[in-house]
Structure formats: structure tokens, C-alpha cells
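We name chains A, B, ... by the order of the sequence lines, and we start the count at 1 in each one.
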Amino acid sequence: MLDIQLLRKDLAGAADRLAARGVTLDTAGFERLEAERKSIQVRTQDLQARRNQLSKQIGVARGKGEDASALMAEVGGLGDDLKAAEERLAAIQEELSGLLLSIPNLPHESVPAGQDERDNVELRRIGVPRVFAYSPLDHVAIGENLDLLDFPTAVKISTSRFVLMRGDLARMHRALVQFMLDTHTREHGYEEVYVPYLVNADSMRGTGQLPKFEDDLFKLSNGMYLIPTAEVPVTNIVRDEIIPAENLPIKLVAHTPCFRSEAGSYGKDTRGMIRQHQFDKVEMVQFVHPDRSHEALEELTGHAEAILKKLDLPYRVVALCAGDLGFSSAKTYDLEVWLPGQQTYREISSCSNFEAFQARRMQARFRDGKAKPELIHTLNGSGLAVGRTLVAVLENYQNADGSVTVPEVLRPYMGGQVSVLPE
RNA sequence: GGAGAGGUGGCAGAGUGGUCGAAUGCGCCGGAUUCGAAAUCCGGUAUAGCGCUUGCGCUAUCGGGGGUUCGAAUCCCCCCCUCUCCGCCA
């Protein structure tokens with residue numbers, strides 16, 4: 001959520017920055033609403049003040065045993081006007097807050113201009129894609145040849161966009177999770193947290209999934225939602241909290257499944273594990289002082305990169321252009337891993353600084369000594385998407401004989417196993 | 001799931017229709033006292049919004065929402081949460 005004060009002070013400026021990401025702000029509509037809000041609010045509060053004043057006088061008069069009927073008559077005359085004003089004010093404020101909740105974040109000044117993913121800027125490439133002596137298979141072929149990746153059975157049990165992994169593959173998936181969590185907690189200073197996978201609407205609103213993106217979520221009959229990312233429960237830990245400044249930064253990491261309806265992605269990435277309704281992710285979240293959130297974004301991105309480096313997977317870092325930014329983000333770096341089976345880089349992590357956008361929705365603040373509470377800045381990044389990491393390992397570590405070499409860093413997590421062999 | 005009790009400021013805890021945004025205690029901040037400290041005394045100590053703007057005034061907020069009333073922390077309805085007992089269960 002943007003600061004409404006900013007919209008009041010510099011509406012044109014905010015509109016310009018939103019235009020950079022392809023969003024048109026209805027400035028005339030906002031100004032009209034604001035003007036009405038102002039006049040109705042002043043009128044409502046004046047009436048309320050008058051009512052309170054008279055009501056107190058009635059109390060005093062009654063206390064003294066005096067006749068209060070004249071006062072009662074006067075306050076009674078306020079009734080209809082007051083009720084109408086209060087209702088109108090509530091309606092306007094609801095409209096205003098609805099508008100406010102639907103406006104995306106402003107891009108940070110360092111974000112490259114551009115309309116869509118084609119305008120994203122590649123910052124660096126790390127690692128060299130392996131040269132194969134044969135035409136490398138994609139993960140589906142590799143996994144199915146090993147008899148460890150089973151889509152038809154998953155469809156039978158559930159529906160499309162789910163997967164069943166067996167044996168060494170399921171084990172490697174688990175090993176990846178352990179490896180990632182251990183790296184972030186031991187080497188990067190994160191605290192591991194275990195969180196609910198079902199959250200309420202307030203939490204979804206806090207991080208920005210609601211009200212605009214309800215279609216992307218799985219909603220339960222009791223009004224709860226399946227989390228689409230650990231970002232939601234982890235970030236909402238600080239909702240409605242005031243954190244002592246000396247406790248910042250707070251760095252948390254969680255492993256959770258993620259559930260996404262993938263509405264609107266029909267026909268996209270239908271083959272394999274790239275786009276599933278359910279996938280696991282290790283997610284890093286940081287709560288930081290506003291002065292150092294952009295520094296923190298660089299660090300957090302480095303923490304995600306460290307996993308790829310340790311796994312020796314070739315990847316590149318891309319700065320999203322303004323038009324490709326997510327709703328809540330002020331700045332985002334995507335990490336894209338090389339997939340030999342597709343001969344392309346695919347997103348495996350997304351690291352974002354939301355600045356105060358989520359904090360304002362959540363009322364997540366910090367206090368420095370006696371100063372007034374101030375909004376914190378929130379960040380998060382995948383470290384990494386586990387399913388896609390498994391895909392990357394399968395494709396990059398495949399061998400001509402159909403086996404897959406276990407990356408060295410994973411071996412301690414797999415009982416020293418060096419490779420996954422066909423039966 | 002059944003029965004009961006409860007949700008009030010940073011914390012504890014009063015308040016069952018009227019100068020209650022809320023007693024009192026603790027904590028915290030400032031001052032007095034002291035060589036200094038403790039103790040003691042005095043004063044201050046929520047959040048958000050709005051309007052004039054060094055400050056002041058007003059409005060809202062006592063789990064959330066709705067209602068009754070001139071007036072609600074207090075009465076009514078719905079929901080959420082916590083605790084105790086029973087049932088069930090990993």
C-alpha cells in the first residue's frame with residue numbers, strides 16, 4: 001500500500017512512477033474522492049463533537065436532577081444528519097481504501113525502465129553451461145527413465161500439475177531442502193521458522209495477495225487460504241507489531257509447500273515439474289531498517305546465489321524492469337538457472353525489496369528509543385524453489401547412461417550416495 | 001464436538017449506561033531530594049485520522065463486526081481468540 005500522504009502531496013509524481021510500470025492511476029478520480037472525503041469528514045466530526053458535547057450536558061443535567069428535554073430535543077435534531085454523514089464517510093473511506101489496496105508499489109529509482117520481461121536487464125552470468133556429447137534430456141525424460149518421476153499416478157490421485165516422486169528422487173528433494181536450510185541458518189545468519197500453511201485473509205492482504213489476486217489462490221470452505229509462498233505466513237509474523245530498533249534486522253528462513261491455482265496459465269509449461277499446483281520452497285525473509293533495505297536486497301540475493309554456486313549450477317541474475325515487477329515489489333532480482341533440457345535459463349528464485357509497502361498494510365513497525373514508531377522495510381527471496389532446483393540438478397548432472405550424479409554438497413544429506421542409477 | 005469462564009493501556013488489574021481514553025499498582029521517561037545511588041516526592045507516559053499549524057483543538061479506537069440509546073468498555077446479536085473440564089485425536 002502506498003502512503004496516502006504521498007498521493008495527497010505529489011499525486012502527479014506518483015502517477016508518473018506508476019506509469020513506468022504500465023499502471024494508469026486515475027488521478028482525477030482520486031482527487032474527487034479525496035475532496036469529498038475531506039468535506040464529509042470535517043462535517044461528520046463536527047456533528048459528532050456537537051453530539052458528544054450535548055450528551056455530556058444531558059448527563060450533567062440529569063445528575064443535578066434538572067430537566068434535560070431541551071438538550072434532548074437539540075441532539076435529536078442532529079440524528080439524521082449525523083447518520084447520513086457517517087454513512088457517507090464510511091462509504092468514501094471504503095472506496096478510498098479499496099483504491100489504495102489495489103495500487104501496486106512504486107518502482108525504486110534503480111529499476112530499469114521497460115514494459116515486460118523482454119526489457120529485463122541481465123546483470124551477470126555465473127558458471128558455464130556444460131557441453132554435452134549427446135543431446136541432453138529434459139528432467140521428465142530423465143526422471144521417467146529412472147522410474148522415479150511419475151506424473152500419471154499423480155494425476156490419478158489428484159489432478160494435473162501435481163507430481164509423484166519416488167525413491168532417490170524424493171530423497172534428493174528432501175536433501176535439497178536440508179542443504180538449503182542448513183546453509184542459510186549456519187552461514188547466512190537466518191533463524192529457521194516453521195509456520196502455518198493455511199492463513200487468514202488479513203495475512204493475505206498484508207503481503208499483497210489480496211484483494212487483487214484471489215484467483216491465484218486456493219481458498220478453503222472456511223475462508224482460509226493455502227499459502228502460495230512462505231512469504232505470507234513468515235512476513236505476517238510482524239503484522240501489528242512494534243519491534244525494538246536494536247532487534248533489526250530480523251532474518252528468517254522457512255521451508256514450506258506452496259500452493260498456486262495457476263489460473264490463467266493454461267497450456268503454459270504443461271510438461272514436467274516447472275509449473276505445479278504444489279511445490280516446495282525455501283524462503284528467506286528479512287525485516288530491516290528503512291535506511292538499509294536496498295543493501296539488504298543485495299545481500300539476500302547473494303544468499304540465494306550461494307545455493308546455486310554450491311550446487312555448481314550455471315545461472316544468471318536479472319534485474320526486473322519496472323513493467324515486470326510484482327505487485328508489491330519496489331525492486332526485484334530474478335535468478336535464472338540453466339536448464340540443458342530446454343536450452344534456456346529459467347527462474348529459480350525471485351528476490352525483492354518491498355520497502356514499506358507490505359509493512360504499511362501490516363502495520364509492521366519499529367521504534368528507536370522514544371521516537372514514534374516507523375514502518376519497517378520487508379524483503380524476501382527464494383532460496384531456492386526446491387522443485388525447480390531438483391529439475392536443474394537432474395538436467396545438469398545427467399549422464400549418458402541415464403544415471404544422475406549427486407552434487408557433492410548433497411552427498412552428506414544422502415548418506416554419501418554419489419549417483420542415482422537406473423534400476 | 002459438548003459444558004463453563006474470560007478477552008480493558010508496555011504489563012498487572014478496576015470499571016455493569018453519563019464529564020471514562022479509562023482508577024490503582026508496576027514498568028518507563030523527566031524533575032526534586034542526594035556527593036552519588038537506593039528509597040521517597042512531583043510531573044509525564046497509547047495508536048490512527050482530521051482541522052488550523054512552533055502548539056492547540058476535534059474525531060475514532062476497551063478482541064472484531066453489527067445493533068439499542070441523547071450517550072456504550074458497560075446492554076443485545078453474530079464472529080474470532082484464550083483458559084478449565086469432558087469427548088476425540090497425531
Side-chain angles (χ1 to χ4, degrees), chain A residues 1-9 11 30-101 194-206 210-211 219-225 233 236-248 257 356-376:
Chain A
M1 193 160 67
L2 299 183
D3 185 357
I4 192 163
Q5 306 292 358
L6 174 78
L7 296 180
R8 285 174 188 154
K9 265 184 267 166
L11 185 60
F30 176 80
E31 278 174 333
R32 178 185 52 73
L33 264 178
E34 255 297 285
E36 196 180 357
R37 190 226 89 227
K38 197 161 169 172
S39 78
I40 295 285
Q41 181 163 350
V42 169
R43 173 166 168 72
T44 305
Q45 293 190 348
D46 282 350
L47 286 168
Q48 286 171 329
R50 184 69 189 142
R51 178 204 58 199
N52 292 347
Q53 197 183 358
L54 288 169
S55 291
K56 275 189 183 175
Q57 287 175 18
I58 291 171
V60 171
R62 285 267 178 89
K64 292 182 189 159
E66 292 169 1
D67 174 38
S69 55
L71 291 166
M72 300 269 291
E74 188 178 352
V75 77
L78 260 44
D80 288 349
D81 278 359
L82 179 57
K83 196 171 178 213
E86 280 176 338
E87 280 170 3
R88 184 68 196 132
L89 181 61
I92 291 169
Q93 279 177 335
E94 196 172 326
E95 196 175 339
L96 213 43
S97 84
L99 176 67
L100 219 52
L101 283 171
Y194 173 85
V195 295
Y197 302 158
L198 261 47
V199 300
N200 58 34
D202 283 343
S203 293
M204 286 294 188
R205 202 172 300 113
L210 290 179
K219 185 177 187 176
L220 277 62
S221 57
N222 67 357
M224 303 284 285
Y225 296 86
N236 274 280
I237 288 172
V238 297
R239 174 152 54 86
D240 295 322
E241 298 291 334
I242 298 175
I243 302 162
E246 60 268 25
N247 291 2
L248 298 178
F357 188 85
Q358 294 179 327
R360 189 170 294 109
R361 288 170 163 247
M362 294 191 297
Q363 280 302 299
R365 295 167 293 176
F366 72 98
R367 192 199 298 270
D368 201 345
K370 297 200 69 182
K372 279 185 70 117
E374 230 185 297
L375 295 169
I376 58 167

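- The same atom, P, is picked in B:rC58 and in B:rC20; the two are 14 Å apart, to the nearest Å.
- Here the separation of B:rC88 from B:rA14, taken at their C1' atoms, is 40 Å to the nearest Å.
- In this structure, CE of A:Met224 is placed 14 Å from C1' of B:rC79, rounded to the nearest angstrom.
- Of the P atoms belonging to B:rC28 and B:rU8, the separation is 23 Å, rounded to the nearest Å.
- Between B:rA38 and B:rU33, the two C1' atoms lie 12 Å apart (nearest whole Å).
- Using atom C1' as the reference point in both B:rG65 and B:rA5, the two lie 23 Å apart (nearest Å).
- Between atom CD of residue A:Gln363 and atom CD1 of residue A:Ile376 there is a gap of 11.0 Å, rounded to the nearest 0.5 Å.
- Within residues 43-54 of chain A, the residues approaching RNA chain B are A:Gln45, A:Gln48, A:Ala49, A:Arg51, A:Asn52, by heavy-atom distance under 4.0 Å.
- When heavy atoms are screened at a 4.0 angstrom cut-off, A:Gln5 is found touching the sugar-phosphate backbone but no base atom.
- A:Gln363 places its CD atom 12 Å from the P atom of B:rU47, with the value rounded to the nearest Å.
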Audit row: A:Ser55, A:Asn52, side chain to side chain donor-acceptor pair (under 3.5 Å) steps and yes/no: CA-CA 5 Å; A:Ser55 291; A:Asn52 292 347; 5.7 Å; no

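- Atom name P, nucleotides B:rC35 and B:rU54: the rounded distance is 42 Å, in whole Å.
- Checking the phosphate oxygens (OP1, OP2) of B:rG71, no side-chain nitrogen or oxygen of A:Lys56 falls inside 4.0 Å.
- Between B:rG44 and B:rG7, the distance separating the two C1' atoms is 29 Å to the nearest Å.
- Defined by atom type and a distance below 3.5 Å, a donor-acceptor pair is missing between the side-chain atoms of A:Gln48 and A:Arg51.
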